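These notes are about the structure you will find just below.
Naming: A, B, ... by sequence-line order, numbering from 1 per chain. Predicted model, so just to flag it, every value in this text is computed and none were measured.
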Protein chains: 2
Amino acid sequence: MSQLDDQAFIHIAKYFQALAEPMRLKILNGLRDGEKNVTELVEISGGTQANVSKHLNILKSSRLIKRESRGTKAYYSISDQRIYELCNLVCGQIASQMSIDAAANEAFISTLQVTQ
Amino acid sequence: MSQLDDQAFIHIAKYFQALAEPMRLKILNGLRDGEKNVTELVEISGGTQANVSKHLNILKSSRLIKRESRGTKAYYSISDQRIYELCNLVCGQIASQMSIDAAANEAFISTLQVTQ
DNA sequence: ATATTACATGAGTATATAGTTATATAGAAA
DNA sequence: TTTCTATATAACTATATACTCATGTAATAT
């Protein structure tokens, strides 16, 4: 396995890592319908301002979201809508893994707001 | 945001977490062309036996891989081929994020073996 | 029965990460 | 300038995670 491959795996792993946190998924979900400022995201997510701010920074570092400063506010938005495809795939797999009947399965999927 | 939604986000985050480790991606990549036993995966990944064994357990707990014991050997295989779709999506996004020219971009993508 | 091979796991360490609290900074308004 | 609002960040704590080394266990071979 080459050094270059190792770097690729590290790169991909970091990307998944950015998505591997409930609060960050919640934030991304909150951005589904367009940009929001930090205060709005704090309300939506139910987290503290400091914590949300840190998560936003992590998401931005991973290029999942963009930041635009207007006045005293900072507006964040999704960089690439394809992340929702990722979430859809994962939701589909998780749902199909659940050993519950089809109706309950359907109910579970409908609770997943991380979709387009 | 309801309690149920919170559970969903936790669930999805755990799934991504399982994919957020270079060694585990390497192992999954090693399983692309079918089942392999632990010793084979140790060789492919370049990790220690103990460490690979632990990662295999994590991947199994996350239902990404299955285990079948035959004789003294344990054969692992991919549970759901759709994980490669995930990796493809991520690779595509990472590649398109890279601020390098198209040729280098292509070269990078070709090094990513986490594809079907 | 003993040895060997293949794998899993416990103990311990080091590092990373998420969270809180308090504080810093920056723009807008008074 | 001072104040207020919005956001970022530093310091700290708690927890999780990856890794190594040593050991346990289970199937096979001698």
Worksheet entry | Atom-pair distance (CD1 on Ile10(B); C1' on dA16(D)), nearest Å | 15 Å

Worksheet item: Do Leu19(A) and Leu64(A) pass the side chain to side chain contact (heavy atoms under 4.5 Å, CB included) test, and can you show the C-alpha distance, the side-chain angles, and the key distance before you say yes or no?
Response: CA-CA 9 Å; Leu19(A) 294 168; Leu64(A) 286 162; 4.0 Å; yes

Worksheet item: Does His55(B) have a side-chain nitrogen or oxygen under 4.0 Å from the phosphate oxygens OP1 or OP2 of dC19(D)?
Response: yes

Worksheet item: Between Glu21(B) and His55(B), is a side chain to side chain contact (heavy atoms under 4.5 Å, CB included) present by the stated rule, with each step listed?
Response: CA-CA 9 Å; Glu21(B) 222 286 325; His55(B) 282 304; 3.6 Å; yes

Worksheet item: Could you state the NZ-P distance from Lys26(B) to dA18(D), rounded to the nearest angstrom?
Response: 15 Å

Item to complete: Answer with base, sugar-phosphate or nothing: what part of the nucleic acid does Leu41(A) contact at a heavy-atom distance below 4.0 Å?
Response: nothing

Worksheet item: Taking side chain as C-beta onward, heavy atoms only, is Asn37(A) less than 4.5 Å from Tyr76(A)?
Response: no

Worksheet item: Whole Å only: how far is the NZ atom of Lys60(A) from the P atom of dT7(D)?
Response: 14 Å

Worksheet item: If only side-chain N and O atoms of Tyr76(A) are considered, is one of them under 4.0 Å from the OP1 or OP2 phosphate oxygen of dA8(D)?
Response: yes

Practice prompt. Between Gly47(A) and Thr39(B), just flag the one whose closest nucleotide in DNA chain C comes earlier from the 5' side.
Written response: Thr39(B)

Between protein and nucleotides 9-11 of chain D, what N or O pairs are separated by less than 3.5 Å?
residue	atom	partner	partner atom	Å
dA11(D)	N6	Lys54(A)	NZ	2.8

Practice prompt. Mind checking the CG-CD spacing from Leu86(B) to Gln81(B)? Nearest 0.5 Å is all I need.
Written response: 12.0 Å

Worksheet item: Are Val42(B) and Thr48(B) close enough that some pair of their side-chain heavy atoms sits under 4.5 Å apart?
Response: no

Response to the item:
In whole angstroms, the gap separating P of dA18(D) from CG of Leu19(B) amounts to 12 Å

Worksheet item: Which ones in residues 66-75 of chain B lie close to DNA chain C, meaning a heavy atom under 4.0 Å from one of its atoms?
Response: Arg67(B), Thr72(B), Lys73(B), Ala74(B)

Worksheet item: Side chains of Tyr15(B) and Gln93(A): do they bring a donor and an acceptor to under 3.5 Å?
Response: yes

Worksheet item: Within a strict 4.5 Å, meaning less than it, do heavy atoms of the Leu56(A) and Val38(A) side chains meet?
Response: yes

Worksheet item: Do Asp6(B) and Lys26(A) sit within salt-bridge range, that is, some charged N less than 4.0 Å from a carboxylate O?
Response: yes

Discussion item. Taking any atom closer than 4.0 angstrom to a non-hydrogen atom of chain B, what span of DNA chain C does the protein reach, first nucleotide to last?
Written reply: dA6(C) to dA11(C)

Worksheet entry | Side-chain (Arg63(A)) to main-chain (Ser79(A)) donor-acceptor, under 3.5 angstrom | no

Worksheet item: Does Arg70(A) make a cation-pi contact with Tyr75(A) (under 6.0 Å, within 45 degrees of the axis)?
Response: yes

Worksheet item: Just how far, in rounded Å, is C1' of dA6(D) from CG of Leu56(A)?
Response: 13 Å

Worksheet item: Are Val52(A) and Ile58(A) connected in a single hydrophobic cluster, I mean Ile/Leu/Val/Met/Phe/Trp/Tyr linked by side-chain heavy atoms less than 4.5 Å apart?
Response: no

